[in-house]
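Written out below as structure tokens is the structure these notes cover.
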Amino acid sequence: MAELLPPEMLTYILSFLPLSDQKEASLVSRAWYHAAQNALRETNVRYKIPVSSASLPGIKSLGLRGISCIGLTNLDGSPTSHQVLQSVAYHLGPHLQSLCLGGGSPTEASFVALILGCPALRSLDLSGCNSLFISGMLLAQPETAQRVQQALSGLRELNLAGLQNLADLSFNRLSSCAPDLERLSLAYCHLTFELGPARGSSVPQDSSRSQFSFHNLLQFVKERASRLHALDLSGTGLLPEALQALGQVAGLQLQELSLHSCRDLSTEAVAAFCHQQPGLTFLDLSGCSELTDGALLAVSRGLQHLQHLNVRKLQRLTDAGCTALGGLWELQSLDMAECCLVSGRELALALSSVHGTPPPLTSLSLAYCSSLKDASLFSLIPVLGPSLRVLDLSSCVALTNRTLQAICTYLTQLSVLRLAWCKELQDWGLLGLREPSEEPVQGSQPHQELEHQASGPKDPSSQPQGPSLLMLQALQELDLTACSKLTDTSLAKVLQFPQLRQLSLSLLPALTNKGLVAVARGCPSLERLALSHCSLLSDEGWAQAAHSWPRLQHLNLSSCCQLTEQTLDTIGRACKQIQMLDVAMCSGISMAAVRRFQAQLPQVTCIHSRFVGGADLTLTL
């Protein structure tokens, strides 16, 4: 019956599925195949294409399907790379809208030829492509620059992050070819802060051949102020006076600003910028180590429409600064990870004061906030509201079962929950059972009591039950790394999530084959799985579990010392979509076995290491 639906309706239905499910649906029939391809195009999925001669047929196929967003990996100056770029320009270029060459080393000539074949580009990522800027001659010929400008007339987003050889002249030539830029990333580029060109320089003013100056960048911002909406200057060493100069540019109305790891910025400079640019909806101040509570107060007063705030790793931030967050009524995501002085008490009060209703938060990270305790989270969790989808409490080592059960009670729509290194979590918390009595009945052991509760009486209603992890049926990612008190008793019963895509159970010393098989049956959609340092897992467990995970793409089995090449054979037969396999420090798996596995599945990247002569030898194949 589904095949009788109009193609447009099939495409619309499939667009609601995750990417992996769309791929599976495309195998049902020809009609579903074409509908899935349309859905993939509409969601603007980026296709990663390795640069090799084997990719040429695939590039042609993607061109016939009208794919508009790609990334090229392993790009260099070889003849093969040149051939691949020619193929991309010919087959994909006319309708390509997003192109990522990040980390590649193309030649200037092949890059120009590629761009001339892509007249519809709206997003270009050249991050780490230092080879294009070493000579300083990119687009130096006026005729070439004019043709490239015609091709890039529609470009809106340019990523130049990590370019160590970027200079004023090369930046000016490239940016002048994209007159309508709205988004620019210069993260981790080396900015100099001289007020003018070097003495004795023969180049025109503001255009150094060897340095990328803030003075030159400021001129660019002034010229593009009416169009520029997003700027990423993370890791550039931006000075307080430079930030203030940016904020004062006439006509500039930034919506997004990233200043990650700009360690010299002052609270006063941030306060001035917030006053000058009140339209910001996204602000990243993570790692700006000189900022204090006053910065958060300034953000709250000046940025009334802020939706995304990252203040990760601000070591001077305290609960006093959290009180200001109550003024951010439209806040959707908040990252306060590694703010070690934040206990959460004032954050709960601030968020509960937002118009007297839960804030629209969808993502909250308090990872590594070592001052966080159960008591403050009991106040915080109920006010987060049903909109929260992502919660990260990794390495909040003082949290216990009571916090987990509060999460399971109030945050039932979570799709991502990270509790790595919360070592006080126990089976009781996951199962939603009452904790064992401090003085167990004579002859009874706590573990036996737990087994009895977990198995349940004949009449389940007669046993008081609390909220268990099973309440979170929308979960797609769960991290229980190093929650070392957890055992099969709870994991086998509560890890039953049909939609779960990513799971980490690394460093769980009590996880056995029984638990592994139960997890495989309960979580059949896993694409990423981490089980490193689970020393009780063996070939027998994988023989039973692997067939339940046909979608598995990334698998970490490092330091699982009982595994042998038999497990590799099992994975090779059952997990055909595997892309990355880590078997480092698996003493039972030889390099020869890894090579045979990779010959069977050549698309897989394997990590294998062993102690050789007292040294750790690691190889990536």
Side-chain angles (χ1 to χ4, degrees), residues 20 24 417 419 425-433 447-448 450-456 468-470 472-473 475-578 580-583 586 588-589 593 597:
S20 56
E24 294 291 328
L417 177 59
L419 297 170
L425 295 183
Q426 297 174 295
D427 291 327
W428 319 97
L430 268 67
L431 290 166
L433 301 176
H447 181 73
Q448 295 173 342
L450 175 59
E451 289 282 5
H452 174 71
Q453 288 193 51
S455 61
S468 77
L469 199 67
L470 284 170
L472 310 182
Q473 280 300 301
L475 277 183
Q476 296 186 29
E477 178 185 338
L478 177 63
D479 190 350
L480 296 174
T481 299
C483 296
S484 53
K485 294 183 179 180
L486 299 180
T487 72
D488 291 346
T489 302
S490 62
L491 298 175
K493 293 183 180 297
V494 301
L495 292 186
Q496 299 177 27
F497 301 108
Q499 298 184 57
L500 198 67
R501 298 293 190 269
Q502 185 168 335
L503 174 65
S504 179
L505 300 176
S506 295
L507 292 162
L508 298 192
L511 179 63
T512 71
N513 290 334
K514 175 185 174 182
L516 177 69
V517 173
V519 171
R521 293 171 179 166
C523 306
S525 300
L526 284 183
E527 298 172 2
R528 292 173 174 263
L529 176 62
L531 295 169
S532 67
H533 295 84
C534 293
S535 56
L536 298 183
L537 300 183
S538 69
D539 296 333
E540 180 183 354
W542 271 100
Q544 300 177 61
H547 66 86
S548 297
W549 286 321
R551 298 181 181 178
L552 207 58
Q553 298 176 21
H554 293 256
L555 177 60
N556 186 348
L557 298 176
S558 60
S559 296
C560 292
C561 54
Q562 292 195 47
L563 300 183
T564 71
E565 60 186 84
Q566 181 180 335
T567 288
L568 289 187
D569 294 337
T570 300
I571 294 170
R573 290 192 301 269
C575 307
K576 298 294 186 181
Q577 297 187 30
I578 194 79
M580 195 285 291
L581 175 64
D582 189 344
V583 288
C586 292
I589 298 177
F597 176 82

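Partners of Gln496 by side-chain contact (heavy atoms from CB on, under 4.5 Å), not counting sequence neighbours, listed by chain and number: Leu470. Partners of Thr564 by side-chain contact (heavy atoms from CB on, under 4.5 Å), not counting sequence neighbours, listed by chain and number: Asp539, Gln566. Residues meeting the side chain to side chain donor-acceptor pair (under 3.5 Å) test with Asn556, sequence neighbours left out: Ser558. Shown here are the side chain to side chain donor-acceptor pair (under 3.5 Å) partners of Glu477, two or more places apart in sequence or in another chain: Arg418. Residues that satisfy the side chain to side chain donor-acceptor pair (under 3.5 Å) test with Ser484, not counting sequence neighbours, are absent from this structure. In terms of the side chain to side chain donor-acceptor pair (under 3.5 Å) criterion, Ser548 has no residue partners (sequence neighbours excluded). Residues passing the side-chain contact (heavy atoms from CB on, under 4.5 Å) test with Thr481 are Ala420, Trp421, Asp479, Ser504, Ser506, Leu507, sequence neighbours excluded.
Within the structure, no pair that satisfies the salt bridge (Lys or Arg N to Asp or Glu O under 4.0 Å) test touches residues 552-563, not counting sequence neighbours. For residues 487-523, no residue pair satisfies the ring pair (Phe, Tyr, Trp, His ring centres under 6.0 Å) rule, not counting sequence neighbours. Applying the salt bridge (Lys or Arg N to Asp or Glu O under 4.0 Å) test to every pair with at least one member in residues 560-570, sequence neighbours left out, gives these pairs: Glu565-Arg596. Sorted by first and then second residue, the ring pair (Phe, Tyr, Trp, His ring centres under 6.0 Å) pairs involving residues 511-550 (not counting sequence neighbours) are Trp542-Trp549.
The backbone N or O of Leu526 sits nowhere less than 3.5 Å from a side-chain atom of Arg528 that would complete a donor-acceptor pair. Without hydrogens or angle criteria, Ser525 side chain to Pro498 main chain gives a donor-acceptor distance under 3.5 Å. Between the Glu527 side chain and the Gln502 main chain, no donor and acceptor come within less than 3.5 Å of each other.
Ser468 and Gly432 get closest at one heavy-atom pair: CB-N, 3.8 Å. Nearest heavy atom pair, residue Leu511 against residue Cys534, reads CD2-SG, 4.0 Å. In terms of heavy-atom proximity, Leu537 sits nearest to Leu563 at O-CD2, 3.7 Å. Nearest heavy-atom pair, Ala510 versus Thr487, reported as atom, atom and distance to 0.1 Å: CB-CG2, 3.8 Å.
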Any chance you could lay out the side-chain contact (heavy atoms from CB on, under 4.5 Å) test for Leu495 and Leu469, step after step, and finish with the verdict? CA-CA 8 Å; Leu495 292 186; Leu469 199 67; 4.1 Å; yes

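Residue Leu557 is tested with Asp582, Leu529, Ile571, Leu568 for a side-chain contact (heavy atoms from CB on, under 4.5 Å); the sole match is Ile571.
For the atom pair Leu531 CG and Ser559 OG, the distance stands at 12.0 Å (nearest 0.5 Å).
Other residues, nucleotides and ligands contribute only 12 or fewer heavy atoms inside 6.0 Å of the CD atom of Glu540.
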